[in-house]
Participant: 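Please find one structure pasted underneath; my questions will follow.
Chain letters run A, B, ... following the sequence lines, proteins first and then strands; every chain starts at 1.
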4 protein chains.
Amino acid sequence: MADHLAGRIAHGELTANMPLPSERRLAEEYGVSLGTARHATRVLRVRGLVVTIRSKGTYIAPDAKAQAQEQLAGSNGASGHA
Amino acid sequence: MADHLAGRIAHGELTANMPLPSERRLAEEYGVSLGTARHATRVLRVRGLVVTIRSKGTYIAPDAKAQAQEQLAGSNGASGHA
Amino acid sequence: MADHLAGRIAHGELTANMPLPSERRLAEEYGVSLGTARHATRVLRVRGLVVTIRSKGTYIAPDAKAQAQEQLAGSNGASGHA
Amino acid sequence: MADHLAGRIAHGELTANMPLPSERRLAEEYGVSLGTARHATRVLRVRGLVVTIRSKGTYIAPDAKAQAQEQLAGSNGASGHA
DNA sequence: GTGGTCTAGACCACA
DNA sequence: GTGGTCTAGACCACA
């Protein structure tokens, strides 16, 4: 689920400073439990793709698109500066 | 809203040890915000009509019916020992 | 163990859509290891007698009773179309 | 809960290479849910006080005692080399 | 028999 | 009305 969201960020569907749907909404959209949706936003936060402000929401990081593209490329087997 | 719930307890619709609907559900049923629903359950808690167990739920207190009837009588204009 | 459970299904003790005890519980009830209990539910699943929903539980299949009776009859020495 | 376990490590009750009770057992001993016990072991893992080997268990790290004492001192308001 | 991941919720602090 | 933490379980891969 985190990878799917990362893909939407890399693709440009979700852009800088845009609020992510709330974890409750994400859980409904993806048909998963709240805990799983929370795990996904935590993963994105650790990857630096989103920023969470408690009681406000979770937002796409300013440089998320480039980072997401880099991370997805990196997981496709390539080593980056090979 | 707290008084309305107290009335349902006094009337016997909500009985001892029964779980109260969740705060989210109460907010929906009464068409109010979460904060308002929380305020109502807090009032009931202070009155001793319900007991809250964190992460589990809120339950009608064992002696809630009698207490609710007493409290509602008290608030009907009489001053207690008039 | 799978056969014993299949017997309980054929007999009607365990009926359609009823949840099976959890694998941990089954292991305790039958006094076997978790692995053995898992093997049993897997066998029942392959036979179509139960349906497993991950993180939710294992449930008796809607047509489990008839299937279990058929399967047990088949395993009582007869070869099927003899 | 993680802090309480860290205290037991700092105190020397739980020593290097000793296996921590399983998460299920910890949950029972502390009277919390499995998820909370898991959170506690994850915190200890991040702090470097324990090492987890999947399917085997969780073990006190070789240098856990010193690290635990340092960390607890650090959270008591002191800055370390003041 | 362990840790890993997941379901389907709950109440809570805070804005 | 958000994210945070929690309950009380479930099945799963792996050793």
Side-chain angles (χ1 to χ4, degrees), chain A residues 1-2 19-28 30-45 50-59, chain B residues 19-28 32-42 45 50-59, chain C residues 19-28 32-42 45 50-59, chain D residues 1-2 19-28 30-45 50-59:
Chain A
M1 177 169 173
L20 210 62
S22 79
E23 295 177 333
R24 271 174 187 84
R25 193 148 194 71
L26 284 174
E28 283 169 21
Y30 281 84
V32 299
S33 78
L34 205 45
T36 301
R38 277 168 181 165
H39 181 69
T41 58
R42 197 184 320 134
V43 168
L44 294 176
R45 193 153 51 241
V50 302
V51 174
T52 292
I53 303 176
R54 182 165 176 162
S55 302
K56 293 288 294 187
T58 296
Y59 301 84
Chain B
L20 212 62
S22 78
E23 294 177 335
R24 249 181 180 81
R25 193 149 194 70
L26 283 175
E28 284 170 19
V32 299
S33 78
L34 251 185
T36 303
R38 273 164 195 163
H39 181 68
T41 58
R42 199 181 320 133
R45 193 155 48 242
V50 302
V51 173
T52 292
I53 304 176
R54 176 158 180 169
S55 298
K56 290 298 294 293
T58 296
Y59 300 85
Chain C
L20 212 61
S22 80
E23 295 177 335
R24 248 182 182 80
R25 194 148 194 72
L26 284 175
E28 283 169 20
V32 299
S33 77
L34 251 186
T36 302
R38 275 165 193 162
H39 182 68
T41 57
R42 200 181 320 132
R45 193 154 50 240
V50 302
V51 173
T52 293
I53 303 176
R54 176 157 181 169
S55 299
K56 290 298 294 292
T58 296
Y59 300 85
Chain D
M1 176 170 174
L20 210 63
S22 78
E23 295 178 333
R24 269 174 190 85
R25 194 150 194 68
L26 285 174
E28 283 169 21
Y30 280 84
V32 299
S33 77
L34 204 45
T36 302
R38 279 170 179 165
H39 182 69
T41 58
R42 197 183 321 137
V43 168
L44 294 176
R45 194 155 49 241
V50 302
V51 173
T52 292
I53 303 176
R54 180 166 178 162
S55 302
K56 294 288 294 187
T58 296
Y59 301 84

Participant: Is the phosphate of E:dA10 approached by B:Ser22 (side-chain N or O, under 4.0 Å from OP1 or OP2)?
Facilitator: yes
Participant: Give, for atom CG of B:Leu26 and atom CD of B:Glu23, the distance between the pair rounded to the nearest 0.5 Å.
Facilitator: 7.5 Å
Participant: Just the rounded figure in Å: distance from C1' of F:dG9 to CD of C:Glu28.
Facilitator: 13 Å
Participant: Does any nucleotide pair with F:dC14 by Watson-Crick or G-U wobble geometry, both distances under 3.5 Å, and what is it?
Facilitator: E:dG1
Participant: Taking atom P of E:dC11 as reference, at what distance in whole Å does atom NE2 of B:His39 sit?
Facilitator: 17 Å
Participant: Among A:Val32, A:Thr41, A:Val43, exactly one meets side-chain contact (heavy atoms from CB on, under 4.5 Å) together with A:Met1. Which residue is that?
Facilitator: A:Val32
Participant: Tell me which of D:Gly35 and C:Leu20 sits closer to the 5' end of DNA chain F, going by the nucleotide each one is nearest to.
Facilitator: D:Gly35
Participant: So, taking the atom named CZ in A:Arg42 and the one named OG1 in A:Thr58, what distance separates them when rounded to the nearest 0.5 Å?
Facilitator: 12.0 Å
Participant: Roughly how far, to the nearest 0.5 Å, is the CG atom of A:Leu44 from the NE2 atom of A:His39?
Facilitator: 10.0 Å
Participant: A:Ile53 has an atom CD1; how far is it from atom P of E:dA15, in whole Å?
Facilitator: 11 Å
Participant: Is there a donor and acceptor pair closer than 3.5 Å between the side chain of C:Arg38 and the base of E:dG1?
Facilitator: yes
Participant: Could you state the atom-to-atom distance from CD of C:Glu23 to P of E:dG1 in whole Å?
Facilitator: 15 Å
Participant: At 4.0 Å (heavy atoms only), tell me whether A:Thr41 reaches a base, stays on the sugar-phosphate, or touches nothing.
Facilitator: nothing
Participant: Atom CG of A:Leu34 and atom P of F:dG3: how far apart are they, to the nearest Å?
Facilitator: 9 Å
Participant: Please compare A:Lys56 and A:Gly31 by the position of their nearest nucleotide in DNA chain E and report the one closer to 5'.
Facilitator: A:Gly31
Participant: With nearest nucleotide decided by heavy atoms, which residue, C:Ser55 or D:Ala37, maps closer to the 5′ end of DNA chain F?
Facilitator: D:Ala37
Participant: Calculate, to the nearest 0.5 Å, the distance between atoms CG and CZ belonging to B:Leu34 and B:Arg24 respectively.
Facilitator: 4.5 Å
Participant: Can you tell me the distance, in whole Å, between the CZ atom of C:Arg42 and the C1' atom of F:dC12?
Facilitator: 10 Å
Participant: Could you state the CZ-P distance from D:Arg54 to E:dG1, rounded to the nearest angstrom?
Facilitator: 18 Å
Participant: How would you label the contact of C:Ser33 with the nucleic acid (heavy atoms, under 4.0 Å): base, sugar-phosphate, or nothing?
Facilitator: nothing
Participant: What does D:Gly57 touch in the nucleic acid at a heavy-atom separation under 4.0 angstrom: a base, only the sugar-phosphate, or nothing?
Facilitator: sugar-phosphate
Participant: Find the distance A:Arg24:CZ to F:dG3:P and express it as a whole number of Å.
Facilitator: 8 Å
Participant: If you compare every side-chain N and O of A:Thr36 against the phosphate oxygens of E:dT5 (OP1, OP2), does one of them come in below 4.0 Å?
Facilitator: no
